[in-house]
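Every number for a ligand or one of its atoms is a count from 1 in the order of the listing. Quick caveat: nothing in here was measured; it's all calculated off a predicted structure.
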Amino acid sequence: MASDADDREICICYHVTFGKVVRYTRQNLIRIKRVSQISQCYGAGTGCGWCVPFLQKIYEDLLAGVEPEMKMSGDEYRQRRKDYHKKMGIERPD
Ligand code: FES
């Protein structure tokens, strides 16, 4: 699957898919100077903060000319987010 067609949610807080973030970042790569600017893609990264390192990796991959990919299953990603919330004391409905 092409990364920009990947419909797994990368920002679960705002239901933003991996593909949407890749498309947005690719289309705006010249303008984007910091990962926080990716939040203009449907609010990605502005909730619990779990996905921010993954948004950063997409940005860095595209800058380096590497096709971004989601390296874990959607289930594993969700579980790791839950673990992160528990560790950080964040209470969110999932
Ligand atoms: S998963 Fe993106 S901010 Fe919570």
Side-chain angles (χ1 to χ4, degrees):
M1 177 189 312
S3 64
D4 60 359
D6 190 329
D7 61 359
R8 288 177 288 177
E9 287 183 351
I10 189 166
C11 184
I12 297 169
C13 290
Y14 288 98
H15 306 289
V16 186
T17 67
F18 187 89
K20 278 183 185 168
V21 170
V22 170
R23 281 193 303 274
Y24 176 84
T25 306
R26 193 190 313 275
Q27 289 168 358
N28 295 285
L29 199 54
I30 289 174
R31 278 191 322 106
I32 295 173
K33 302 294 179 218
R34 329 178 269 292
V35 70
S36 62
Q37 292 175 278
I38 298 175
S39 67
Q40 291 171 16
C41 179
Y42 302 97
T46 59
C48 69
W50 158 252
C51 64
V52 172
F54 299 93
L55 303 178
Q56 177 81 38
K57 180 75 168 85
I58 289 172
Y59 176 57
E60 288 172 359
D61 282 351
L62 289 171
L63 276 179
V66 174
E67 191 62 25
E69 60 179 304
M70 183 76 132
K71 295 196 173 174
M72 65 181 98
S73 72
D75 286 345
E76 182 183 359
Y77 187 79
R78 285 182 173 276
Q79 185 57 53
R80 288 179 60 180
R81 178 176 173 266
K82 279 184 187 173
D83 296 344
Y84 166 79
H85 288 175
K86 195 177 292 182
K87 181 179 168 193
M88 301 302 286
I90 299 171
E91 301 216 7
R92 298 187 73 90
D94 289 311

Numbered atoms of ligand 1 (with element) below 4.0 Å of G49, judged on heavy atoms | 3 (S), 4 (Fe)

side-chain contact (heavy atoms from CB on, under 4.5 Å), paired with V16, selected from S39, C11, C51 = C11

Which of the ligand 1 atoms, numbered from 1, are nearer than 4.0 Å to a heavy atom of G47 | 3 (S)

Can you list the steps and then say if Y77 with F54 is a ring-ring contact (aromatic ring centres under 6.0 Å, His included)?
-> CA-CA 11 Å; Y77 187 79; F54 299 93; 5.0 Å; yes

Are a donor atom and an acceptor atom from the side chains of Q79 and D75 found within less than 3.5 Å of each other?
-> no

Does C51 bring an N, O or S atom to within less than 2.8 Å of atom 2 (Fe) of ligand 1?
-> yes

Element-labelled atoms of ligand 1 that are located less than 4.0 Å from some non-hydrogen atom of G45 | 2 (Fe), 3 (S)

Carboxylate-amine/guanidinium proximity below 4.0 Å for D61 and K57 = yes

Within less than 2.8 Å of atom 2 (Fe) of ligand 1, any N, O or S from C48?
-> no

Within less than 4.0 angstrom of ligand 1, does R81 place any heavy atom?
-> yes

Under 4.0 Å from any heavy atom of I12, which atoms of ligand 1 are there?
-> 1 (S)

Distance-only polar pair, side chains of Y59 and Q37, donor-acceptor under 3.5 Å | no

Decide whether E9 and T17 meet the rule of one side-chain donor and one side-chain acceptor closer than 3.5 Å.
-> no

